Amino acid sequence: MYTIDIIDDQHMVRESFGKLINVLSKKFTLGKTWESAHHFILNLREHKNAQPDLVLIDYKMPGLNGGKLSYLLQRDFPHINKLGMSSDTELSWIEEFVYSGCKGFVSKGDRPDELKEAIETALSNQYYHNFYVTKQLTKKLVAGKVDYDFPYGLNDNQYLYCYLILTSLTNKQMAEVLNIKEETLHKMQQRLFSKFNVTSKGELISCLLTNKIVKQF
């Protein structure tokens, strides 16, 4: 039996896909549904022995979007299989999902049998190829011709922090999401203040959004 979690900020999507998971196959069971990436990660950090076999990740979410969540999972929980999903089939989003460790992408409008096949393929640690994720795309990735790019010379934790400060998380919770000490997060914050010539978290957020360093939906 494989446990599948769903991460999507829309309640109706979580409900409908949750019900679908339980009827797609006797081998699948719904674990939990989450409305945000950061709450999902916080739960993983706290309950390390209760992790899903696979997660379905929506792209458009507040705070960490699906691509950023996929990257963080691949970095810290690489054994958890991942599938990206969205109502929109933006090529850049799909590529970000695949480059950050997802084994495929499904549209929310795809047929149930396509979702079933995608899940089974991802659980076998293989790429699910379809109209969105082609063999050419994954061949390019496996050949090592693609790097996950962070803008403005930021490292991964700095870039992820730039998304986390758009949420209501405390510094302690943000540090837990990134798996660093709170003191380390504070030092990182000060370096970002200096880098972008700001003096407060509010000014940093304004700078990040104005210069499109981070994008919110």
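Source: prediction; values computed, not measured.
Between M188 and the options R191, Q190, H186, a side-chain contact (heavy atoms from CB on, under 4.5 Å) holds for only R191.
Side chain of T167 to backbone of L164: a donor-acceptor contact under 3.5 angstrom is found. Panel note: side chain N81, backbone D53; a donor-acceptor pair is recorded below 3.5 Å. Judged purely by atom type and a 3.5 angstrom limit, E120 has no side-chain atom pairing as donor or acceptor with the backbone of E117. In this structure a side-chain-to-backbone donor-acceptor pair under 3.5 Å is present from K195 to Y152. When atom types are taken as modelled, the side chain of N43 and the backbone of H39 share no donor-acceptor pair closer than 3.5 angstrom.
Across I57 and G66, no two heavy atoms sit closer than the pair CG2-CA, 3.6 Å. Across all non-hydrogen atoms, the minimal contact from C102 to L83 is SG-C, 4.0 Å. V177 and I41 make their closest contact through O-CG2, 3.6 Å (heavy atoms, listed as atom of the first residue, atom of the second, distance). Taking all atoms of both residues into account, the shortest heavy-atom contact from I6 to G18 is CD1-N, 3.5 Å. Across all non-hydrogen atoms, the minimal contact from M61 to A37 is CE-CB, 4.2 Å. The shortest non-hydrogen separation linking K103 to A122 is CB-CB, 3.8 Å.
Follow the hydrophobic side-chain contacts under 4.5 Å out from M174 and you reach F196 in the same cluster. Taken together through direct or relayed side-chain contacts under 4.5 Å among Ile, Leu, Val, Met, Phe, Trp and Tyr, I7 and I119 form parts of separate hydrophobic clusters. Following chains of ILVMFWY side-chain contacts shorter than 4.5 Å, one cannot reach L73 starting from M85, and the two form parts of different hydrophobic clusters. I80 and I4 fall into different hydrophobic clusters, where Ile, Leu, Val, Met, Phe, Trp and Tyr residues are linked whenever their side-chain heavy atoms come under 4.5 Å apart, directly or through other members. At a threshold of 4.5 Å between side-chain heavy atoms, the hydrophobic network of Ile, Leu, Val, Met, Phe, Trp and Tyr places V23 and L54 in one connected group.
A distance of 12.0 Å separates CG of L64 from CZ of F40, quoted to the nearest 0.5 Å. In this structure, CG on L30 lies 7.0 Å from CG on D5, to the nearest 0.5 angstrom.
Looking at heavy atoms from C-beta onward, P62 lies in side-chain contact with D9 at the 4.5 angstrom threshold.
Counting only residues at least two apart or in different chains, side chain to side chain donor-acceptor pair (under 3.5 Å) contacts with residues 15-29 are absent. The stretch residues 76-98 participates, sequence neighbours left out, in these ring pair (Phe, Tyr, Trp, His ring centres under 6.0 Å) pairs: Y59-W93, Y59-F97, W93-F217. Within the structure, the ring pair (Phe, Tyr, Trp, His ring centres under 6.0 Å) test picks out no pair touching residues 2-33 (sequence neighbours left out). Within the structure, ring pair (Phe, Tyr, Trp, His ring centres under 6.0 Å) contacts touching residues 117-141 (residues at least two apart or in different chains) are F105-Y132. For residues 199-215, no pair satisfies salt bridge (Lys or Arg N to Asp or Glu O under 4.0 Å), with sequence neighbours left out. Residue pairs meeting the salt bridge (Lys or Arg N to Asp or Glu O under 4.0 Å) criterion with at least one partner in residues 57-86, sequence neighbours excluded, are R45-D76, D58-K108, K60-D88, K68-E96, R75-D156.
Counting heavy atoms of neighbouring residues, nucleotides and ligands inside a 6.0 Å radius, atom CE of M12 does not exceed 12 of them. Taking a 6.0 Å sphere around CG of N197, one finds it holds 12 or fewer heavy atoms contributed by other residues, nucleotides or ligands. Within a 6.0 Å sphere centred on CD of E183, heavy atoms belonging to other residues, nucleotides or ligands number 12 at most.
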